[in-house]
Amino acid sequence: MARISPDGPELRDYGLVEVRTADLDGYTVDFLTIKQPVDMTVMLRGLPDDRCQCPHWGIVTEGSMIVRYADHEETARTGDAFYMAPGHVPTYEVGTRLIQFSPTDQLKATDEAIQRNMQALQGA
């Protein structure tokens, strides 16, 4: 059985967000802690429709997030299990914590776009 605990993976601090990431047999597991308000609009630029195309499943363990789609938005709060279908843009409030599961191969394009956009912002 593949498993991971929240204290297991190395902590990466991106300023706005702290993340512990692990791979479990083709699925990326992220333990996220939001330290400042985060709107992923800018970070997802360059993806189709400027929206994340990777599906995510997870649990909000603290706080809340709003997920915008082209035609509606949804809110997930503490204790909610969620599924984000492709074509979403999340925003997170300060103090939000979540555990998120994503297919690793589909997450790659999203991670690459986020890294490019972060570098562009830092260079600006």
Can you tell me how far [atom2] of [Y] sits from [atom1] of [X], rounded to the nearest 0.5 angstrom?
X      : Y      : atom1 : atom2 : value
Cys54  : Lys108 : SG    : NZ    : 13.0 Å
Leu107 : Thr104 : CG    : OG1   : 6.5 Å
Thr91  : Met40  : OG1   : CE    : 10.5 Å
Ile99  : Phe82  : CD1   : CZ    : 9.5 Å
His88  : Asp49  : NE2   : CG    : 12.5 Å
His56  : Leu98  : NE2   : CG    : 10.0 Å

Please examine the side chains of [Y] and [X], heavy atoms only from C-beta on, and report whether any two atoms are closer than 4.5 Å.
X     : Y      : answer
Val94 : Val38  : no
Pro55 : Gln106 : yes
Tyr27 : Pro103 : yes
Arg51 : Leu44  : no
Thr21 : Arg12  : yes
Val60 : Arg77  : no

ring-ring contact (aromatic ring centres under 6.0 Å, His included) partners for Phe101, two or more places apart: none
Test of understanding: with ring-ring contact (aromatic ring centres under 6.0 Å, His included), list the residues that count as partners of Tyr83, not counting sequence neighbours. Trp57
Closest non-hydrogen contact found for Val17 with Val19 is CG1-CG2, 3.5 Å
Smallest heavy-atom separation, Met84 atom then Pro90 atom, equals SD-CB, 4.3 Å
For Asp13, the side-chain hydrogen bond (donor to acceptor under 3.5 Å, both in side chains) test, sequence neighbours excluded, returns Lys35
Determine, stepwise, if the pair Leu47 / Thr110 fulfils side chain to side chain contact (heavy atoms under 4.5 Å, CB included). CA-CA 7 Å; Leu47 292 171; Thr110 300; 4.1 Å; yes
When you look at Asp50 and Thr41, which way does the side chain to side chain contact (heavy atoms under 4.5 Å, CB included) test go after all the steps? CA-CA 7 Å; Asp50 292 332; Thr41 300; over 6 Å; no
Answer with yes or no whether the side chains of Glu62 and Thr78 bring together a donor and an acceptor at under 3.5 Å. no
State whether a side-chain donor-acceptor pair under 3.5 Å links Ser102 with Thr28. no
For [Y], does its backbone N or O pair with a side-chain atom of [X] as donor and acceptor, under 3.5 Å?
X     : Y     : result
Gln53 : Pro48 : yes
Ser64 : Ala76 : no
Tyr69 : Ala85 : yes

Could you go through Thr33 and Arg97, starting from their C-alpha distance and side-chain angles, then the distance that decides it, and tell me whether this counts as side-chain hydrogen bond (donor to acceptor under 3.5 Å, both in side chains)? CA-CA 5 Å; Thr33 300; Arg97 293 176 181 262; 3.3 Å; yes
Examine [X] and [Y] and state if one hydrophobic cluster contains both, with Ile, Leu, Val, Met, Phe, Trp and Tyr joined whenever side-chain heavy atoms are less than 4.5 Å apart.
X     : Y     : answer
Ile66 : Ile59 : no
Leu11 : Tyr14 : no
Tyr92 : Leu16 : yes

Evaluate the side chain to side chain contact (heavy atoms under 4.5 Å, CB included) criterion for residues Gln100 and Val29: first the C-alpha distance (whole Å), next the side-chain angles of each, then the deciding distance (0.1 Å), finally the verdict. CA-CA 6 Å; Gln100 180 172 279; Val29 180; over 6 Å; no
Side chain to side chain contact (heavy atoms under 4.5 Å, CB included) between Arg116 and Met43: does it pass, once the steps are laid out? CA-CA 8 Å; Arg116 273 192 314 272; Met43 293 299 144; over 6 Å; no
